[in-house]
Protein chains: 2
Amino acid sequence: MGVTKTQIFTDKQNDLAQFFKVLGHPARVAILQYVSKQNACICSDLVDEIGLAQATISQHLKELKSINLLKGEVEGKRMCYCINVERWSEIQEQLNTFFNNAKSNCC
Amino acid sequence: MGVTKTQIFTDKQNDLAQFFKVLGHPARVAILQYVSKQNACICSDLVDEIGLAQATISQHLKELKSINLLKGEVEGKRMCYCINVERWSEIQEQLNTFFNNAKSNCC
DNA sequence: ACTATATATTGCAATATTACGATGTTAATT
DNA sequence: AATTAACATCGTAATATTGCAATATATAGT
């Protein structure tokens, strides 16, 4: 098996889990922290900064792009990766909604 | 190789990624939503509610316990799983700190 | 055109995750 | 004491993820 049974969950649950999953790797957390600290990003900086092979960084960037958290623009022979601010807030809001809905008075 | 290189990241980055990772599965999102909706929880309810085998649910609960998001108390022959409210707020705060630190003016 | 630079893609090995049946464990019930 | 109920744990198969070398692609500079 080993396959997540997405069919039995709602779209919202799957989406939420998908955000969490993409953020669930220290390299991707580190990339987001670095990019947001810089206000601009060049991928080769990340390779030096983070200490993973270029292919690996590129892969992580791809996943962050897949949920639209990062947007990349070609700038000559470089790529400029930036935080997608609208999406960023949107996700933050969704996570807060998720967290705010917990009321646990038992135990 | 398939192993996350945790050594090259800070403890904070690893911890943050760990929360995200645990939350990064729709079954665990669904469990948290259900538990927080109920104000009390019995595991057998979850098996019916979610539609995964009992062993699978039990495994997911274990992971949620591993980051202290859920606490379980023995209640006779049943288990009462509840949201750990302090931890819950703590994590929410950490996530918001993470999200609030992004300032992206580029592109 | 050639070369160097920056990034993406592919292929693959190592390891992790997901799911579940089978089997333990513990406590209430008979 | 035997049985049932409610989990937990183990073992294992299927699949996913991580990481990197090798290779492809695309652009800038010579």
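Note on naming: letters A, B, ... go to the chains in the order of the sequence lines (proteins, then strands), and numbering restarts at 1 for each one. Quick caveat: nothing in here was measured; it's all calculated off a predicted structure.
Distance, Ile8(A) CD1 to dT18(C) C1': 12 Å, rounded to whole Å. Separating the CD atom of Glu75(B) from the C1' atom of dA27(C) is a distance of 13 Å, rounded to the nearest angstrom. Rounded to an integer number of Å, the gap from CG of Leu23(A) to C1' of dT18(D) is 17 Å. The NE2 atom of His25(A) sits 18 Å away from the P atom of dA16(D) (whole-angstrom rounding). Asn14(B) has its CG atom 13 Å from the P atom of dT18(D), to the nearest Å. One interatomic measurement links the two molecules: CD1 of Ile31(A) to C1' of dG19(D), which rounds to 13 Å at whole-angstrom precision. If you take CD of Glu63(B) and C1' of dA16(C), they are 11 Å apart, rounded to a whole angstrom. In this structure, Phe9(B) atom CZ and dG19(D) atom C1' are separated by 11 Å, rounded to whole Å.
In this structure, the side chain of Asn84(B) engages the main chain of Asn68(B) through a donor-acceptor pair within 3.5 Å. Checked by atom type and distance alone, the side chain of Ser58(A) never pairs as donor or acceptor with a backbone atom of Gln54(A) at under 3.5 Å. The backbone N or O of Glu90(A) lies less than 3.5 Å from no partner atom in the side chain of Glu93(A), so there is not a single donor-acceptor pair.
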(request) Quick one: the dot-bracket string of DNA chain C, using Watson-Crick and G-U wobble pairs with both distances under 3.5 Å, [ ] for crossing pairs and | for bases paired to another strand. (result) ||||||||||||||||||||||||||||||
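OP1 or OP2 of dT17(D) has not a single side-chain nitrogen or oxygen of His60(A) nearer than 4.0 Å. Side-chain nitrogen and oxygen atoms of Lys21(B) include none within less than 4.0 Å of the OP1 or OP2 phosphate oxygen of dT17(D).
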Any protein N or O atoms within reach of nucleotides 6-10 of chain D? Criterion: under 3.5 Å, listing atom names and distances.
| from | atom 1 | to | atom 2 | distance (Å) |
| --- | --- | --- | --- | --- |
| dA6(D) | OP1 | Arg78(B) | NH2 | 3.2 |
| dA6(D) | O4' | Lys77(B) | O | 3.3 |
| dC7(D) | OP1 | Met79(B) | N | 3.0 |
| dC7(D) | OP2 | Cys43(B) | N | 3.3 |
| dC7(D) | OP2 | Ser44(B) | N | 2.7 |
| dC7(D) | OP2 | Ser44(B) | OG | 3.2 |
| dA8(D) | OP1 | Tyr81(B) | OH | 2.4 |
| dA8(D) | OP2 | Ser58(B) | OG | 2.7 |
| dA8(D) | N7 | Gln54(B) | NE2 | 2.8 |
| dA8(D) | N6 | Gln54(B) | OE1 | 3.1 |

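Between Phe20(B) and Phe20(A), the two ring planes are tilted [angle within 30° to 60°]. Ring orientation note: the planes of His60(B) and His25(B) are tilted relative to one another, at an angle of 30° to 60°.
For Ala53(B), counting side-chain heavy atoms from C-beta on, the closest listed nucleotide (dC20(C), dT18(C), dC20(D)) is dC20(C).
With a 4.5 Å cut-off on side-chain heavy atoms, Tyr81(B) and Lys71(B) do not count as touching. Contact check for Ile8(B) versus Lys5(B): side-chain heavy atoms found under the 4.5 Å cut-off.
If you check the side chains of Gln92(A) and Asn100(B), you find a donor sitting under 3.5 Å from an acceptor.
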(message) Could you go through Asn14(B) and Thr4(B), starting from their C-alpha distance and side-chain angles, then the distance that decides it, and tell me whether this counts as side chain to side chain contact (heavy atoms under 4.5 Å, CB included)?
(response) CA-CA 10 Å; Asn14(B) 284 315; Thr4(B) 298; 5.6 Å; no
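Each of Arg28(A) and Gly76(A) has a nearest nucleotide on DNA chain D; the 5'-most of these lies closest to Arg28(A).
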